[in-house]
Amino acid sequence: ELNTYVCLMFRAREGAAPLVAFTSCVLSNPSPEWHETFRFDVESIDSTAILVAWVVAAPGDDADEVLEATQLALTEEALDELRDYRLTSNIVLPPRKRPTHPHAINAAFDRATKKADRAADREVDRIRKFEMAQSSGVEPTMDLAV
């Protein structure tokens, strides 16, 4: 039985960075189906736009093992070795904290907001330096010109 999910990669035009999305993982199903919708926000697409769907098999016997194997990038063999090691050494590891979807979305939003704030701060700094140069009667440098 396979545990499968799909990695979608969309590139709107040649040279653009690909946008990536993942489906949920279907556990132990030989004929998985996904009924999910993904939105890729782009300004435009051209004739070189591509969408690639990679169907990926994830090792593990249950949801926790699939999650752990995916997080640690383990093969089925490596996961078996880890499972055997834990059984023979009597080591009990604390459970991994599972990321929640809202937490992941909020973290991504926070990163994007901080990036936008840094860009706005740089622009304000550039304008301030430009205005200071003009008010001092000095020709602004090329990096400050609009």
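Quick note: residue numbers are just sequence positions, from 1. Keep in mind the model is a prediction, meaning the values are calculated, not measured.
Applying the salt bridge (Lys or Arg N to Asp or Glu O under 4.0 Å) test to Asp41 and every residue at least two apart in sequence or in another chain returns Arg39. For Asp61, the salt bridge (Lys or Arg N to Asp or Glu O under 4.0 Å) test picks out Arg83, with sequence neighbours left out. With sequence neighbours excluded, no residue forms a side chain to side chain donor-acceptor pair (under 3.5 Å) with Ser89. In this structure, the salt bridge (Lys or Arg N to Asp or Glu O under 4.0 Å) partners of Glu123, at least two apart in sequence or on a different chain, are Arg126. Not counting sequence neighbours, Thr88 has no partner by the side-chain contact (heavy atoms from CB on, under 4.5 Å) test. For Glu43, the side chain to side chain donor-acceptor pair (under 3.5 Å) criterion is met by no residue, not counting sequence neighbours.
Of all the heavy atoms in Ala12 and Ala49, the pair that sits closest is O-CB, 3.2 Å. The shortest heavy-atom contact between Glu76 and Pro59 is OE1-CB, 3.1 Å. Here the shortest heavy-atom pairing between Pro140 and Gln134 reads CG-CG, 4.2 Å. Contact between Ala69 and Leu79 at its shortest, heavy atoms only, is CB-CD2, 4.1 Å.
Pairs passing the side chain to side chain donor-acceptor pair (under 3.5 Å) check and including a residue from residues 6-15, sequence neighbours excluded, do not occur. Sorted by first and then second residue, the ring pair (Phe, Tyr, Trp, His ring centres under 6.0 Å) pairs involving residues 67-89 (not counting sequence neighbours) form an empty list.
Using a 4.5 Å heavy-atom cutoff, the side chains of Trp34 and Ser24 are in contact.
Hydrophobic cluster of Met132: no remaining members, since no ILVMFWY side chain lies below 4.5 Å from it. In the hydrophobic clustering (ILVMFWY side chains linked at under 4.5 Å, chained through shared members), Val124 stands by itself. Other cluster members for Phe22: Tyr5, Met9, Val20, Ile50, Val52, Trp54, Val56, joined by side-chain heavy-atom distances under 4.5 Å among Ile, Leu, Val, Met, Phe, Trp and Tyr. Taking Ile, Leu, Val, Met, Phe, Trp and Tyr as hydrophobic and joining them when side-chain heavy atoms fall under 4.5 Å apart, one finds Leu27 in a cluster with Val66.
Ion pairing between a basic and an acidic side chain is recognised when a charged N comes within 4.0 Å of a carboxylate O; Arg128 and Asp125 show such pairing.
Between the OG1 atom of Thr141 and the CZ atom of Phe130 there is a distance of 9.5 Å, given to the nearest 0.5 Å. We find the CG-CG distance between Asn29 and Leu2 to be 9.5 Å, quoted to the nearest 0.5 Å. Rounded to the nearest 0.5 Å, atoms OG1 (Thr4) and CD (Glu33) are 11.0 Å apart. For the atom pair CG of Leu8 and CD of Glu36, the computed distance is 9.0 Å after rounding to the nearest 0.5 Å.
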CA sep, side-chain torsions, deciding dist, call: Leu74, Leu82, side-chain contact (heavy atoms from CB on, under 4.5 Å):
CA-CA 9 Å; Leu74 299 177; Leu82 179 62; 4.0 Å; yes

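Side chain of Asn3 to main chain of Ala57: no donor-acceptor pair is present (N/O by atom type, distance under 3.5 Å, no hydrogens or angles).
Linking ILVMFWY side-chain heavy atoms closer than 4.5 Å, directly or via other members, places Val26 and Leu67 in two distinct hydrophobic clusters.
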